[in-house]
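The block underneath contains the structure these notes are about, expressed in structure tokens.
The structure displayed is predicted, hence computed values, not measured ones. All ligand and atom numbering here is 1-based and tracks the order in the structure.
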Amino acid sequence: MQVKILGSAAGGGFPQWNCACANCHALRGGQFTGKPRLQTQVAVSGDGRSWFLLGASPDLRLQIESVPELHPRAGNRCSPISGVVLGSADLDHVLGLLLLRELQPFHVWAAAPVIEILRGQNSMFAMLNRVDDQVRWNTIRAGEPFHLKSIAGSDSQICCRTIALSSRYPAYSGNRAGTRTNFEAVLGLVLPSPTGKTLGFFPQLPMLTPELKGLFATLDCLLLDGTFWSDDELIRLQGSGQRAHEMGHIPVGGEEGTLRQLAGLTKPRKMYIHINNTNPMLNEAGAEYRQVRDSGWELAEDGCQLSL
Ligand SMILES: [Zn+2]
């Protein structure tokens with residue numbers, strides 16, 4: 001299985017258009033030891049021909065153009081992108097779907113409440129079904145594996161499993177967490193490759209249970225929520241706002257951070273992804289970056305490729 005990381009930032013990217021935090025300011029001024037990042041996007045393929053997107057980032061058009069494997073190959077309208085797996089209805093995870101509206105047939109796999117939010121509550125997504133032969137929506141259930149297939153039916157040999165992580169739906173959907181009891185608002189994705197190796201994609205980690213720790217220990221590569229370094233990161237910056245855990249993210253640093261909680265995790269290649277522009281570990285000259293690297297973790301970078 002080929003894995004391409006096309007974006008590694010949280011919503012807003014790095015730098016973020018309206019942000020002059022220390023990181024964004026230094027990056028714009030050419031004074032930053034670190035890399036700019038597009039919003040988180042991963043693509044996987046079992047055969048190198050048919051590709052599947054994990055989420056659909058608002059930067060998707062640029063991300064597709066940056067990778068020749070994702071370009072159309074014949075003279076007519078066509079795309080090697082066969083489908084999109086949605087782990088949530090978060091805007092930075094679904095807005096890219098609207099950039100795929102040019103009457104192209106492809107699959108979307110998502111939990112029923114996520115499909116309902118997109119198709120039932122947001123009329124713009126009807127652009128994906130203007131004609132009969134366009135997007136095919138497939139309902140997935142947490143824990144039930146499904147095969148990634150092309151629209152013509154050929155199997156990619158990649159079987160995707162989903163892990164229910166949260167009942168908290170995005171703010172734009174009316175904060176319906178209270179009315180929805182299932183935990184399919186945020187799904188982690190586990191993808192075993194045809195060779196038996198396994199990728200875990202958890203760009204949003206609201207909780208870390210013993211079961212999840214056990215699952216992570218079996219993976220060959222883990223792409224994990226690196227949104228915030230500290231729980232009060234945005235509050236310290238802005239003077240107000242939400243804590244990381246209130247936004248559904250366990251921070252990287254600190255006593256309760258994933259770096260410490262997953263210190264015993266040895267098997268997988270461990271990479272932080274979905275990194276917010278305010279996160280001090282983006283600064284490769286800083287102590288936080290050094291702590292991450294000394295702990296055996298990497299920061300996912302745009303353009304990074306893995307083979308599993
Ligand atoms: Zn910033």
Side-chain angles (χ1 to χ4, degrees), residues 5-42 54-63 66 87-96 99 168 170-172 186 201-206 223-254 256-259 270-293 295 297-304:
I5 296 172
L6 308 175
S8 51
F14 178 49
Q16 179 175 308
W17 72 279
N18 66 341
C19 189
C21 72
N23 285 350
C24 290
H25 183 73
L27 184 70
R28 286 195 188 95
Q31 306 292 316
F32 191 71
T33 310
K35 298 165 185 73
R37 284 172 160 83
L38 298 177
Q39 293 165 96
T40 289
Q41 182 65 57
V42 172
L54 309 185
S57 121
D59 294 321
L60 191 54
R61 184 189 162 276
L62 199 58
Q63 290 163 329
S66 74
S88 76
D90 287 358
L91 277 182
D92 57 318
H93 194 71
V94 303
L95 271 180
L99 308 179
R168 178 199 162 93
Y172 76 86
V186 179
F201 183 58
F202 290 77
Q204 188 178 344
L205 189 74
L223 300 175
L224 187 68
D225 185 340
T227 312
F228 298 113
W229 180 263
S230 52
D231 197 43
D232 62 350
E233 191 164 311
L234 292 184
I235 297 172
R236 270 192 283 169
L237 191 81
Q238 305 167 157
S240 62
Q242 286 186 304
R243 293 184 169 272
H245 76 265
E246 291 170 331
M247 300 170 74
H249 301 285
I250 300 178
V252 174
E256 301 299 319
T258 51
L259 213 50
K270 304 179 288 288
M271 305 174 95
Y272 282 115
I273 197 165
H274 198 268
I275 307 165
N276 201 56
N277 61 85
T278 54
N279 192 322
M281 73 180 179
L282 285 168
N283 178 2
E284 294 174 17
E288 292 84 359
Y289 178 80
R290 202 158 49 247
Q291 189 181 339
V292 167
R293 300 292 287 125
S295 305
W297 285 77
E298 302 168 63
L299 302 195
E301 291 181 6
D302 300 9
C304 176

For a 4.5 angstrom cut-off between non-hydrogen side-chain atoms, does F14 reach N279? no

Q) Is it true that some N/O/S atom of H25, main chain or side chain, lies under 2.8 Å from the Zn ion (ligand 1)? A) no

In this structure, the Zn ion (ligand 1) sits at the vertex of an angle between SG of C21 and SG of C19 that rounds to 10° as 110°

Which of D225, D92, D90 passes side-chain hydrogen bond (donor to acceptor under 3.5 Å, both in side chains) with H274? It is D92

Item to complete: Look at the N, O or S atoms of N277, main chain and side chain alike, and state whether any lies under 2.8 Å from the Zn ion (ligand 1).
Response: yes

Residues L60 and A56: closest non-hydrogen pair is CD2-CB, 4.2 Å

Item to complete: Decide whether S88 and Q204 meet the rule of one side-chain donor and one side-chain acceptor closer than 3.5 Å.
Response: no

